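Numbering of residues begins at 1 and proceeds along the displayed sequence. Small disclaimer: the values here were computed from a predicted structure and weren't measured.
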Amino acid sequence: LRHPSAFRVAVTGFAGVATLLTHTEASLFCVVSLTVLLIAYGRNWRSLAAMVAAGVLALALASPFLWAVVSRHGLEVFTAAADSRTALFGNTMRSLFFGQITGATAFDLFLGVGFVGLLVEVGRGRYLLPLWFVILPVVILSAGFTYSMVPWSILIAVAVVDVLVPAVDRLTAGRRFGRPILDLGLGGAAVLASLATGFSTTSPVHPLLAGDRTAMVWVSENLPVDADVAVVTGLPWWSDASSEWFPAIARRHSIATPQGYEWTPYFVRQQERYRLLQDTCAPRGTECLRTWIGNFSVHVDFVYVPKGRLAGVASTLDCCPALRQSIRDNFQVEYDGPGATIARVTR
């Protein structure tokens, strides 16, 4: 934007199409961010022309993918995905007002440090970073503050470099250990916050357990290819690795998994179906499962209940002990080995 050239246009275009093909939603982050930066740094015809050229190049390179999707499924898949995420706006606003925007579960010193940087930039009359931070969650409703952490990280740097370091230097003038103490404190807080995030049972960063993968491979090799499976974990859908990975590894239909429904008008309905299965039936027995099947008029051939600490070391060893025992007593168990209990739903 400041010094446009053909090489920089090409790099931006290639990076843009790589982002689009990697994660469709992330391309919105590119578009919104580049628009904000264009307003801040590119208010001339040359910069505008460079940005347009980069966008045209990215779209041209992405055209085979876009044509394949639109020709097979129409534009509805994109509009449905956009509409399905508006229900998450309330969660985004709640995160903002209750100070949960960074995702850290403890020792979140950098939430406060970032707000210091925000106030400093506004006080200086520099609105690029605050505007960038606010616009991203408003435009990209489904991502919450995920993408806003890019400008927020820069605001943290502003607070540290322009406020904290000079203040510590003034307060500890002539003393040897002022700056090292600040560095150690900030670095230690960052490490503790990162480690604490891994202990949260609602964190989406927990891996799929090895036993879970073993059980899913067994499903792919032994259950009928048209089997409908209810995966019960008791977890929220956004952090349920078992439900999300089941269709990919087991190659069977997970009847309640919400992922994939973003592209349809039924995403909100599927979330409710999933929530009732996990919240209601995970702590109960097979009668609850039968009731759930009847209420939603769905066909279920098998039930899959994984084993182990599904949400990290702070989670329980068994998500669903009552349901697991009830399955063993009332259904036809097909597999009860490493990773999961799998049973045929008897009529």
Query - Parallel, tilted or perpendicular: rings of Phe115 and Trp152 (30°, 60°) - result: perpendicular
Query raised in the report: Tracing side-chain links under 4.5 Å among I, L, V, M, F, W and Y, which residues wind up in one group with Phe302?
Result: Leu208, Met216, Val217, Trp218, Val219, Leu223, Val229, Val231, Trp245, Phe246, Ile249, Tyr304, Tyr335, Ile342
Requested in this report: Identify, with sequence neighbours excluded, every residue that meets disulfide (SG to SG under 2.5 Å) alongside Cys281.
Outcome: Cys288
Requested in this report: Find out if a path of hydrophobic residues (ILVMFWY) with successive side-chain heavy-atom gaps under 4.5 Å connects Leu21 to Leu57.
Outcome: yes
Query raised in the report: Would you say the ring centroid of Trp237 lies under 6.0 angstrom from that of Phe267?
Result: yes
Requested in this report: Just jot down the disulfide (SG to SG under 2.5 Å) partners of Cys30, sequence neighbours excluded, or say none.
Outcome: none
Query raised in the report: Mind checking what makes side chain to side chain contact (heavy atoms under 4.5 Å, CB included) contact with Gln270, not counting sequence neighbours?
Result: Pro258, Tyr261, Arg273
Query raised in the report: Excluding sequence neighbours, so at least two apart, what forms side chain to side chain contact (heavy atoms under 4.5 Å, CB included) with Glu287?
Result: Arg290
Report task. Supply the members, apart from Leu119, of the Ile/Leu/Val/Met/Phe/Trp/Tyr cluster built from side-chain contacts under 4.5 Å; use none for a lone residue. Result -> none
Requested in this report: Keeping to residues at least two apart or across chains, list the ring-ring contact (aromatic ring centres under 6.0 Å, His included) pairs with something in residues 52-75.
Outcome: none
**Report entry** Which residues share a salt bridge (charged side-chain N to carboxylate O under 4.0 Å, His left out) with Arg269, sequence neighbours left out
**Finding:** none
Report summary line: So disulfide (SG to SG under 2.5 Å) across residues 187-241, not counting sequence neighbours, yields none
Report task. Each residue besides Val11 in its hydrophobic cluster should be listed here, by chain and number; the cluster joins Ile, Leu, Val, Met, Phe, Trp and Tyr at side-chain heavy-atom distances under 4.5 Å. Result -> Phe7
Report summary line: Ile135 meets the side chain to side chain contact (heavy atoms under 4.5 Å, CB included) criterion, sequence neighbours left out, with Val32, Val36, Leu131, Val139
Report task. Would you check, one step at a time, whether the test side-chain hydrogen bond (donor to acceptor under 3.5 Å, both in side chains) holds for Ser315 with Arg309? Result -> CA-CA 6 Å; Ser315 60; Arg309 300 187 186 277; 5.4 Å; no
Query raised in the report: So, do Thr346 and Asn330 sit near enough that their side-chain heavy atoms are less than 4.5 Å apart?
Result: no
Query raised in the report: Who passes side chain to side chain contact (heavy atoms under 4.5 Å, CB included) against Thr35, sequence neighbours left out?
Result: Val31, Ile39
